[in-house]
Protein chains: 2
Amino acid sequence: MVRRSATGRIGIADVAVKAGVSHATVSRVMNGNFTVDPDIASRVRAAAAELKYQPNPVGRSLALGKTDTIGIVVPDLANPTFQAILRGLSRAAAQDGYRVLIADSFEVSSEETILAGEARRRCDGLVLCAPRMSDAELEEIAPSLRPLVLINRTTAAADVPSLVVDYGQGVQDLAEHLVDLGHTRLAFLAGPPRSASNGMRLQGLEAFKAAHPHVDVRMLEGGSDFDTGHEAVDAVLESGATGILAFNDLVAMGLMSGLHERGLDVPGDISVTGFDDIPFARYTTPALTTAAVPITELGEQAWHQLRALIRKEDNDAPGSRYQPRLQVRASSGPAKAPRSTVHG
Amino acid sequence: MVRRSATGRIGIADVAVKAGVSHATVSRVMNGNFTVDPDIASRVRAAAAELKYQPNPVGRSLALGKTDTIGIVVPDLANPTFQAILRGLSRAAAQDGYRVLIADSFEVSSEETILAGEARRRCDGLVLCAPRMSDAELEEIAPSLRPLVLINRTTAAADVPSLVVDYGQGVQDLAEHLVDLGHTRLAFLAGPPRSASNGMRLQGLEAFKAAHPHVDVRMLEGGSDFDTGHEAVDAVLESGATGILAFNDLVAMGLMSGLHERGLDVPGDISVTGFDDIPFARYTTPALTTAAVPITELGEQAWHQLRALIRKEDNDAPGSRYQPRLQVRASSGPAKAPRSTVHG
DNA sequence: CCTGCCTAAGAAAGCGTTTTCTCAGGTCGC
DNA sequence: GCGACCTGAGAAAACGCTTTCTTAGGCAGG
């Protein structure tokens with residue numbers, strides 16, 4: 001006959017009664033404390049096994065002041081980039097016995113702040129991907145979220161490592177690649193206006209323009225998903241550009257699909273590049289030229305940084321900067337003779 | 001001067017001292033209990049605001065016996081299907097103030113059991129996607145995991161709703177579609193051998209074969225990712241089939257990519273269909289014919305079912321069955337004159 | 001043989017809340 | 001004007017665990 005505590009689940013008290021010892025002793029046994037007589041210990045273990053006792057993590061968390069859980073705030077769980085970060089993070093954390101709590105802010109920057117705070121309180125640390133949050137707000141809340149690791153953002157707050165991808169360099173590499181292929185009219189299909197990583201790309205393009213005054217680089221408004229690319233076909237054609245730098249692989253895929261529907265050939269008529277090198281990029285037709293970001297590894301690194309913070313280790317590498325690697329595939333090719341713009 | 005409790009964070013006791021009341025009163029105010037004098041209440045609120053007090057969720061969870069968190073166990077976070085379920089679940093749960101804890105079993109079925117138990121203990125309920133777990137094991141652990149919602153599995157345990165997609169019907173619809181296009185030699189590029197959803201597809205194909213004795217349906221070994229499809233090109237060509245039913249969209253994309261590399265035309269030479277209708281399916285070249293599963297909605301429904309269980313509502317709809325919808329796009333077309341097999 | 005130390009296990013405090021219990025003070029009715 | 005009822009707030013218990021504190025008992029040394 002199994003006794004059940006108030007909550008209906010088996011608790012440490014039940015095991016204590018069954019083994020004829022105090023619940024303190026049960027706790028000691030369960031935690032591998034060796035100051036317990038071996039006979040009693042095995043009696044306790046037998047009782048625990050028979051009752052299928054498993055310590056309540058909430059009670060444990062309260063007593064120990066830790067939850068063995070970390071949180072991650074992402075702006076959009078539908079975005080493969082954040083999925084990959086989540087995967088890398090989850091996997092690395094799991095290896096150290098930590099679980100991951102997710103908070104999806106659905107691109108609403110005001111939510112990011114609240115969610116981050118809530119998630120942090122439930123966890124031992126936080127990974128924050130908040131591309132829309134203002135610098136001022138980030139500065140303000142960062143200290144209260146520690147242990148904290150930032151992705152693609154930086155802060156002046158101490159002990160807050162940042163993992164940032166050098167999108168500026170990556171987009172320059174892509175642009176160089178297109179120029180090497182003979183393209184002189186490029187267009188950048190931008191990301192969400194207030195996105196931090198979009199800002200980095202724009203900076204990179206400014207540097208590129210300064211270094212290549214003879215290359216025409218148009219800026220086109222955009223977004224971060226398929227539809228953005230798909231709907232941008234007209235704007236792209238109007239621009240007269242022969243080399244298109246899409247904000248990311250998703251946008252590039254949407255664009256290629258749209259161009260295909262118009263009967264245009266990639267890369268015959270227009271070269272298209274993406275960014276991120278998501279797994280799908282290899283399998284588009286034509287396969288997508290892009291800048292590869294070791295994004296899963298980034299999630300993994302985020303955990304290592306966070307772990308160091310949680311363990312209060314001296315973190316010799318407070319954050320790092322990732323260089324995208326140019327990944328040339330079939331979607332980019334030699335420029336054909338300059339086309340005239342479709343309109344005018 | 002801000003007092004700090006033992007853990008270094010501001011607690012209810014600090015607010016109580018600052019407002020000159022007992023911590024019980026602070027708790028009452030924070031929880032909107034109206035049996036508190038308005039003057040005192042506002043004094044408490046002022047103190048809480050000034051100290052930026054936020055209740056500790058762990059303490060709260062222990063007292064209330066609930067965590068406002070649900071868990072989800074998935075076999076592979078890299079799989080778009082589970083990403084979509086996660087997204088739908090997370091979003092729906094968030095609207096009711098619940099967070100989601102993820103547990104990735106990395107396709108290891110023995111992990112599924114342990115992870116499920118651990119996750120469940122930290123949460124108020126669990127959504128379980130465990131395609132590899134044996135029926136016996138599922139039967140055994142299901143009761144202890146309640147409140148529990150199963151995805152693509154069923155159990156005899158009471159009060160355990162199942163959300164299952166009718167993969168059998170879906171694959172039949174796809175096969176019918178190919179036959180309608182004139183294909184008489186089909187091949188099924190199977191999924192992971194022990195996967196439950198693969199089993200459902202196989203059953204569906206048996207039914208199809210019984211109904212269409214004149215159609216040749218080959219079974220090819222496979223898996224669930226890009227590489228599976230990509231590496232299956234040889235086997236597909238050897239089969240002599242002109243209509244290929246890929247296990248899912250990923251496999252189909254890998255296959256199309258491989259066929260493209262061999263200079264074969266889809267659907268001119270071979271028609272290819274996927275399954276799931278992941279967002280990418282619209283944007284492949286050619287766009288992928290597939291069976292659309294409202295997978296995000298499934299995640300959402302999982303939450304609604306789980307919520308009913310958590311609230312102990314009478315659940316009038318204990319689980320449901322989803323019918324995939326045939327989504328015809330450009331990757332399937334009329335069969336050309338029967339080819340001879342490449343070898344022999 | 002008694003004192004002092006050490007070991008091992010129980011008692012109790014603490015983690016941060018919520019909630020029941022208790023009680024002081026006020027109000028109403030008779 | 002006094003007892004019964006009600007209101008509102010503090011005291012304390014409870015949630016389930018870990019860990020410190022305490023103490024009983026065994027053993028060795030003087």
Side-chain angles (χ1 to χ4, degrees), chain A residues 3-45 47-48 51-69 118 120-124, chain B residues 3-45 47-48 51-69 118 120-124:
Chain A
R3 264 178 45 89
R4 281 173 180 278
S5 70
T7 58
R9 285 195 102 73
I10 293 176
I12 201 172
D14 303 293
V15 180
V17 169
K18 178 143 198 137
V21 298
S22 74
H23 69 277
T25 298
V26 176
S27 173
R28 281 189 268 257
V29 172
M30 299 302 292
N31 290 288
N33 185 323
F34 292 113
T35 70
V36 178
D37 182 286
D39 287 353
I40 295 183
S42 64
R43 210 167 72 217
V44 168
R45 266 188 282 271
L51 295 175
K52 294 196 204 308
Y53 167 70
Q54 301 282 144
N56 176 328
V58 178
R60 218 154 177 277
S61 291
L62 189 58
L64 293 173
K66 69 196 202 102
T67 61
D68 291 341
T69 302
E118 282 192 355
R120 175 60 187 84
R121 251 169 279 128
R122 294 188 133 70
C123 300
D124 299 343
Chain B
R3 264 177 45 88
R4 279 171 182 279
S5 71
T7 58
R9 285 194 103 75
I10 293 175
I12 202 172
D14 303 293
V15 180
V17 169
K18 178 144 197 138
V21 298
S22 75
H23 68 279
T25 298
V26 176
S27 173
R28 281 189 268 258
V29 173
M30 299 303 291
N31 290 289
N33 185 323
F34 292 114
T35 70
V36 178
D37 183 286
D39 287 352
I40 295 183
S42 64
R43 212 167 71 216
V44 168
R45 266 188 283 271
L51 295 175
K52 295 197 203 309
Y53 167 69
Q54 301 282 145
N56 176 329
V58 178
R60 219 155 175 273
S61 291
L62 188 58
L64 294 173
K66 66 194 202 107
T67 61
D68 290 343
T69 302
E118 282 192 357
R120 175 60 188 82
R121 252 169 278 127
R122 294 190 132 72
C123 300
D124 299 343

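So you know, we letter chains A, B, ... as the sequences are listed, proteins then strands, and number each from 1.
- Take R121(A) and apply the side-chain contact (heavy atoms from CB on, under 4.5 Å) test, not counting sequence neighbours, and it matches E118(A), Q54(B), P57(B).
- Under the side chain to side chain donor-acceptor pair (under 3.5 Å) criterion, D37(B) pairs with no residue at all, not counting sequence neighbours.
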What protein N or O atoms touch nucleotides 18-23 of chain C N or O atoms at under 3.5 angstrom, if any, and at what distances?
{"from": "dT18(C)", "atom 1": "OP1", "to": "N31(B)", "atom 2": "OD1", "distance (Å)": "3.2"}
{"from": "dT18(C)", "atom 1": "OP1", "to": "N31(B)", "atom 2": "ND2", "distance (Å)": "2.9"}
{"from": "dT18(C)", "atom 1": "OP1", "to": "R60(B)", "atom 2": "NE", "distance (Å)": "2.8"}
{"from": "dT18(C)", "atom 1": "OP2", "to": "S27(B)", "atom 2": "OG", "distance (Å)": "2.4"}
{"from": "dT18(C)", "atom 1": "OP2", "to": "N31(B)", "atom 2": "ND2", "distance (Å)": "3.2"}
{"from": "dT18(C)", "atom 1": "O5'", "to": "S27(B)", "atom 2": "OG", "distance (Å)": "3.4"}
{"from": "dT18(C)", "atom 1": "O4", "to": "H23(B)", "atom 2": "NE2", "distance (Å)": "3.3"}
{"from": "dT20(C)", "atom 1": "O4", "to": "R28(B)", "atom 2": "NH1", "distance (Å)": "3.3"}

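- Atoms NZ (K66(B)) and P (dG16(C)) sit 21 Å apart, rounded to a whole Å.
- In this structure, V21(B) reaches the sugar-phosphate backbone alone: every heavy-atom distance under 4.0 Å involves primed, P, OP1 or OP2 atoms, never a base.
- Here D68(B) pairs with K66(B) under the salt bridge (Lys or Arg N to Asp or Glu O under 4.0 Å) rule; sequence neighbours left out.
- Remark: R43(B) pairs with V21(B), I40(B) by the side-chain contact (heavy atoms from CB on, under 4.5 Å) rule, at least two apart or across chains.
- For the pair R9(B) CZ and dG16(C) C1', the computed distance is 13 Å after rounding to whole Å.
- Within residues 32-45 of chain A, no residue is approached by DNA chain D to less than 4.0 Å at the level of any non-hydrogen atom.
- One interatomic measurement links the two molecules: CZ of R122(B) to C1' of dC15(D), which rounds to 17 Å at whole-angstrom precision.
- Two end axes, each from the C1' atoms of five base pairs, can be drawn for the helix from dC1(C)-dG30(D) to dC30(C)-dG1(D); they diverge by 70°, to 10 degrees.
- Partners of S61(B) according to the side chain to side chain donor-acceptor pair (under 3.5 Å) rule, which considers only residues two or more places apart in sequence or in another chain, do not exist here.
- For the side-chain contact (heavy atoms from CB on, under 4.5 Å) test, residues two or more places apart in sequence or in another chain that qualify with A47(B) are V15(B), K18(B), A19(B).
- Partners of L62(B) according to the side-chain contact (heavy atoms from CB on, under 4.5 Å) rule, which considers only residues two or more places apart in sequence or in another chain, are V58(A), L62(A).
- The side chain to side chain donor-acceptor pair (under 3.5 Å) test applied to R60(B) returns N31(B), not counting sequence neighbours.
- One interatomic measurement links the two molecules: CG of L62(A) to P of dA13(C), which rounds to 17 Å at whole-angstrom precision.
- Annotation: side chain to side chain donor-acceptor pair (under 3.5 Å) contacts of S42(A) (sequence neighbours excluded): none.
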TODO: Determine, step by step, whether T35(B) and R28(B) satisfy the side chain to side chain contact (heavy atoms under 4.5 Å, CB included) criterion, reporting the C-alpha distance in whole Å, the side-chain angles of both residues, the deciding distance to 0.1 Å, and the verdict.
DONE: CA-CA 8 Å; T35(B) 70; R28(B) 281 189 268 258; 4.0 Å; yes
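- Looking only at side-chain heavy atoms (C-beta outward), V29(B) and R45(B) come within less than 4.5 Å of each other.
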